[in-house]
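As structure tokens, the structure follows; a few thoughts come after it.
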Amino acid sequence: MTYRHFLDLGDAGGNALAAMIHDAIERKEARRDWPKGQTDADAPLAGRVLAMVFEKNSTRTRVSFDIAIRQLGGTPLILDSGTSQLGRGETVADTARVLGRMADAIMVRTDDHAKVEEMARYAGVPVINGLTDRSHPCQIVADLLTIVEHGKSLPGLKLAWLGDCNNVMNSLVEAAGLLKFDMAIGTPQGYVPDPLYIDAARAAGSAITVTHDAAQAAQDADVVVTDTWISMGQEHAEQKLAELAPFQVDARLMAKAKPDAKFLHCLPAHVGEEVTEDVFEGPQSVVFDEAENRIHAQKSVLLWCFGMLAAATP
Ligand code: CP
Ligand code: NVA
């Protein structure tokens, strides 16, 4: 059986990422207005079981993968760390070997990125990163799909990231390098983006700038993106909130971007912190399209993992 792990966007590369977006658009259109639980006409993953392991909370990732595998004809199975032996200290390696015997693919949400890498080493079936402290590649497939659906072409696009340097940002930076768009990161002094992703994106030819001036980051952007200031597993720190306050996405900041700029947020949002209510609820916000697109994106990721996606040109 052909299988591939999806631990980071780079595992797929630019052509496959473009193919995922293309496939997601086609599958989404083909089932427009169908009941959500109805299987796609070709049921490409009929008979396959997707095991999902959660060591952190989730709404969108959990529901979208559950619905995605059903729409592809397969069956979901969920393990929460609190109710499985993983939560009592069974090793990742043993968990991977057991799940790999019982399921056809594994999606994992955890803290340490090394855990998904270990899962991939031992599973013998595709392993998908459903968020680690380091990256969130599945989210970014949905984000890119949303950007393209809203009429924007990725090569040459300027994406502004405002706020914390976190897992979602790392995967956006990786996507910039793979699909040739530019990124301006507006973040406080002392907040340093992970060089692993920045260096690779720059080496691929993308302009990735880091500024401590929020307005400069947002200037002429096609897309403005932010995320929570306190990610899962981080301490709630008043000092961090104060440092990030100048990077809140508000109407004044959106006015610096292009007039047709879109606002994205992976959710869950903390309205009043990283984004104001008028922007979050306003006409430029596409956050609920983005959330819905998690289903369509996850289907493409699953198909790619099983070697069922043809490559496309970015
Ligand atoms: N955006 C995202 O991954 O949401 P969940 O934490 O709800 O899965
Ligand atoms: N950066 C956030 C993303 C949640 C989907 C977190 O890690 O909590």
Side-chain angles (χ1 to χ4, degrees), residues 6-9 24 50-69 76 78-82 106-116 128-147 159 161-175 185-188 191-194 197 223-237 240-241 243-244 247-249 263-271 273-275 280 285-302:
F6 188 69
L7 307 188
D8 262 328
L9 297 169
L50 171 69
M52 293 183 265
V53 180
F54 287 95
E55 293 203 288
K56 284 181 175 176
N57 291 22
S58 171
T59 297
R60 280 144 289 269
T61 304
R62 180 171 177 149
V63 176
S64 63
F65 267 106
D66 189 306
I67 302 298
I69 186 73
I78 292 181
L79 271 97
D80 284 309
S81 62
I106 304 170
M107 195 285 302
V108 191
R109 168 167 286 199
T110 188
D111 41 24
D112 187 353
H113 194 83
K115 289 190 190 172
V116 291
I128 298 168
N129 171 5
L131 179 145
T132 65
D133 289 347
R134 199 174 90 180
S135 61
H136 196 3
C138 293
Q139 177 67 50
I140 302 315
V141 182
D143 290 8
L144 300 174
L145 167 59
T146 309
I147 292 168
L159 187 147
W161 173 270
L162 277 305
D164 195 18
C165 294
N166 65 13
N167 42 11
V168 173
M169 192 203 80
N170 284 337
S171 291
L172 270 175
V173 170
E174 190 174 28
I185 297 169
T187 195
Y191 287 56
V192 182
D194 189 330
Y197 298 98
V223 181
V224 177
V225 192
T226 190
D227 184 16
T228 180
W229 289 342
I230 311 286
S231 284
M232 288 182 279
Q234 296 178 343
E235 294 284 316
H236 186 90
K240 189 174 184 193
L241 298 185
E243 286 165 354
L244 283 158
F247 298 88
Q248 181 188 58
V249 179
F263 171 74
L264 271 75
H265 189 311
C266 65
L267 307 181
H270 301 76
V271 173
E273 290 188 7
E274 70 271 10
V275 58
F280 187 79
S285 173
V286 293
V287 299
F288 295 105
D289 289 346
E290 182 185 2
E292 181 200 328
N293 278 338
R294 290 296 301 276
I295 294 182
H296 308 293
Q298 267 52 133
K299 289 165 74 175
S300 292
V301 170
L302 285 163

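Model, not experiment: these values are computed from the prediction. Residue indices begin at 1 and follow the sequence shown. Atoms within each ligand, like the ligands themselves, are counted from 1 in listed order.
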Residues Asp66, Arg62: salt bridge by 4.0 Å N-O rule: no
In Å and rounded to the nearest 0.5 Å, what is the CZ to OG1 distance from Phe280 to Thr226? 11.5 Å
When rounded to the nearest 0.5 angstrom, what is the spacing between CG in Asn166 and CG in Asp227?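 Here the rounded value is 4.5 Å.
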May I ask you to identify, for Asn167, whether its side chain, its backbone, both or neither come under 4.0 Å of ligand 2 on a heavy-atom basis? side chain
Side chain, backbone, both or neither: the part of Asp164 lying under 4.0 Å from ligand 2 by heavy atom: neither
Begin with the C-alpha distance, continue with both residues' side-chain angles, and end with the deciding distance and a verdict on side chain to side chain contact (heavy atoms under 4.5 Å, CB included) for Met169 and Thr187. CA-CA 11 Å; Met169 192 203 80; Thr187 195; over 6 Å; no
Using a 4.0 Å cut-off to any heavy atom of [X], which atoms of ligand 2 qualify?
| X | answer |
| --- | --- |
| Leu267 | 5 (C) |
| Ser231 | 1 (N), 2 (C), 6 (C), 7 (O), 8 (O) |
| Leu131 | 3 (C), 4 (C), 5 (C), 7 (O) |

Atom pairs and distances, ligand 1 N/O vs protein N/O under 3.5 Å:
{"residue": "ligand 1", "atom": "1 (N)", "partner": "Gln139", "partner atom": "OE1", "Å": "2.9"}
{"residue": "ligand 1", "atom": "1 (N)", "partner": "Cys266", "partner atom": "O", "Å": "2.9"}
{"residue": "ligand 1", "atom": "1 (N)", "partner": "Leu267", "partner atom": "O", "Å": "2.9"}
{"residue": "ligand 1", "atom": "1 (N)", "partner": "Arg294", "partner atom": "NH1", "Å": "3.4"}
{"residue": "ligand 1", "atom": "3 (O)", "partner": "Thr61", "partner atom": "OG1", "Å": "3.0"}
{"residue": "ligand 1", "atom": "3 (O)", "partner": "Arg109", "partner atom": "NH2", "Å": "2.9"}
{"residue": "ligand 1", "atom": "3 (O)", "partner": "His136", "partner atom": "NE2", "Å": "2.8"}
{"residue": "ligand 1", "atom": "3 (O)", "partner": "Arg294", "partner atom": "NH1", "Å": "3.0"}
{"residue": "ligand 1", "atom": "4 (O)", "partner": "Arg60", "partner atom": "NE", "Å": "2.9"}
{"residue": "ligand 1", "atom": "4 (O)", "partner": "Leu267", "partner atom": "O", "Å": "3.4"}
{"residue": "ligand 1", "atom": "6 (O)", "partner": "Arg109", "partner atom": "NH1", "Å": "2.8"}
{"residue": "ligand 1", "atom": "7 (O)", "partner": "Thr59", "partner atom": "N", "Å": "2.7"}
{"residue": "ligand 1", "atom": "7 (O)", "partner": "Arg60", "partner atom": "N", "Å": "2.8"}
{"residue": "ligand 1", "atom": "7 (O)", "partner": "Arg60", "partner atom": "NE", "Å": "3.2"}
{"residue": "ligand 1", "atom": "7 (O)", "partner": "Arg60", "partner atom": "NH2", "Å": "3.0"}
{"residue": "ligand 1", "atom": "8 (O)", "partner": "Ser58", "partner atom": "OG", "Å": "2.7"}
{"residue": "ligand 1", "atom": "8 (O)", "partner": "Arg60", "partner atom": "N", "Å": "3.4"}
{"residue": "ligand 1", "atom": "8 (O)", "partner": "Thr61", "partner atom": "N", "Å": "2.8"}
{"residue": "ligand 1", "atom": "8 (O)", "partner": "Thr61", "partner atom": "OG1", "Å": "2.8"}
{"residue": "ligand 1", "atom": "8 (O)", "partner": "Arg109", "partner atom": "NH1", "Å": "3.4"}
{"residue": "ligand 1", "atom": "8 (O)", "partner": "Arg109", "partner atom": "NH2", "Å": "3.2"}

Donor on one side chain, acceptor on other, Asp164 and Ser231, under 3.5 Å: no
Can you name the side chain to side chain donor-acceptor pair (under 3.5 Å) partners of Thr228, sequence neighbours left out?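 Thr228 satisfies side chain to side chain donor-acceptor pair (under 3.5 Å) with His270 only.
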Is Asp112 atom CG crowded by more than 12 heavy atoms from other residues, nucleotides or ligands, each under 6.0 Å away?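 Yes, CG of Asp112 has more than 12 neighbouring heavy atoms, counting only those of other groups under 6.0 Å.
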Quick check: does Met232 get an N/O under 3.5 Å from an N/O on ligand 2?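 Yes: some nitrogen or oxygen of Met232 is under 3.5 Å from one in ligand 2.
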Under 3.5 Å: N/O of Asp227 near N/O of ligand 2: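 So ligand 2 has an N or O lying under 3.5 Å from an N or O of Asp227.
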Phe65 vs Leu302, test: side chain to side chain contact (heavy atoms under 4.5 Å, CB included). Steps then yes/no. CA-CA 9 Å; Phe65 267 106; Leu302 285 163; 4.2 Å; yes
Which heavy atom of Pro188 sits nearest a heavy atom of Glu243, and at what distance? CG-O, 3.5 Å
